[in-house]
2 protein chains.
Amino acid sequence: MQRIIASSLLGVFALGIASTATADLTPEEQIRFRQAGYSFMSWNMGRIKSNLDGNYNPEQVAAAANAINAIATSGMGSLFGPGTDRNVGNVKTRVKPEFFDNLDDVAVIAGNFVAATNALAAAANAGDEIEVSTTFGEVGQACKACHDKYRAD
Amino acid sequence: MQRIIASSLLGVFALGIASTATADLTPEEQIRFRQAGYSFMSWNMGRIKSNLDGNYNPEQVAAAANAINAIATSGMGSLFGPGTDRNVGNVKTRVKPEFFDNLDDVAVIAGNFVAATNALAAAANAGDEIEVSTTFGEVGQACKACHDKYRAD
C-alpha cells in the first residue's frame, strides 16, 4: 500500500495532475494547505530530535513518526497546482520557479523522502531507538535535498 | 498502540502537562503548529468528502484518512500549553478561554475524536466506502462538538 501511494505521489509530481478534489482549491488554499503539512511535520521532526537528544519516549516518537509518514504519503504533490508557483496576495510561498521546471527531479526527491519516512515510521513503531536515529537523519537529508534546490531562503 | 496514544492524549489534556519537547516551544509556535495540524486535517476531510460525493478513489481516501488519524493521535494536546489561550502578537487563536477551564470535558471530546478517526482510518484502509461514509460523519460530529463549545466564530 505504501508503495502504491508513493507511486501515486510520483505520478502527480511527474505529470502535474491535480486530483479532482484538489482542482477545486484556489492557489492560495493549496499553498496554505501544503505549508500546514510541512509545518506539522517540522513540529514532529523537532519532537523526535528532542527525544533522541534527551529521554527517549517510544510512544511519543512513534506518534510523531506516524504523523510525518502519513503527511508525507498523503499526496501533497497535488497541492503544487497551477498558480502556486508564486506569492498570491498575502499568501507567500518560498518555492522556487525551478521546482516546476524540474518535476522529474522533484519526483525522485519526493520518492526518496517518502521512502525515508516509511523507514522512520517502521523503526519508531518497532521501538528501535538506534534505527530511529539513523532513519531520522535520512529524513532530514531528504528534506534538505529539496530545500537546497527548490526553496528560497 | 492506538489506545495507548489516545490515553496519552487524554492525560495531557486532563493534567495540562506539556511534553519536554513541547515545553521548549513558545506560545506562538504552539498555536501555529496546532493550527497547521487542524488545517491539514481539514484539507483531508475535504478530500474524503469529494470522494464520497463523486468518484471514489480508495487509495486517496485511505491516504487522507491516515493523515487525519495520525495527526489526531500525534499528541496535539501538548500544543495547548500556558499562554496559548489568547492571541500572541500577530498570531491569532480562536480557542475560547472556557477550553482551559473545562479540560475534563475537553478530554472526553478529544477521546471521541480520536476514536472516530481510528474508525475512519480502519474503514478507509479496508476500502469500505459505506463505512467510510458513516465514520466520516462521526469524525465531522466530533470536530463540531469541540468547535461549538470551545472555538470562537
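All chains are named by letter (A, B, ...) in the order of the sequence lines, taking the proteins before the strands, and each is independently numbered beginning at 1.
- Distance check: Leu25(B) CG to Trp43(A) CH2 gives 8.0 Å after rounding to the nearest 0.5 Å.
- Checking Gln35(B), Arg34(B), Met76(B) one by one against Phe40(A), the side chain to side chain contact (heavy atoms under 4.5 Å, CB included) holds for a single residue, Met76(B).
- Residue Ser74(B) holds its OG atom at 5.5 Å from CZ of Arg47(A), rounded to the nearest 0.5 Å.
- For the atom pair CG (Asn66(B)) and OG1 (Thr73(A)), the distance works out to 7.0 Å, reported to the nearest 0.5 Å.
- Clustering ILVMFWY residues whenever any of their side-chain heavy atoms sit less than 4.5 angstrom apart, transitively, puts Val91(A) in a cluster other than the one holding Val91(B).
- Taken to the nearest 0.5 Å, the CD1 atom of Ile68(B) stands 11.0 Å off from the CD1 atom of Ile71(A).
- Around the NZ atom of Lys144(A), the shell of radius 6.0 Å holds no more than 12 heavy atoms that belong to other residues, nucleotides or ligands.
- No continuous path of hydrophobic side-chain contacts links Phe80(A) to Val88(A) [ILVMFWY only; heavy atoms under 4.5 Å].
- The two residues Ala70(A) and Ala67(B) come nearest to each other via the heavy atoms CB-CA, 3.7 Å.
- The hydrophobic cluster containing Phe100(A) does not contain Ile31(A), counting ILVMFWY residues as joined when their side-chain heavy atoms lie under 4.5 angstrom apart, directly or transitively.
- For the atom pair OG (Ser42(B)) and CZ (Arg32(A)), the distance works out to 11.5 Å, reported to the nearest 0.5 Å.
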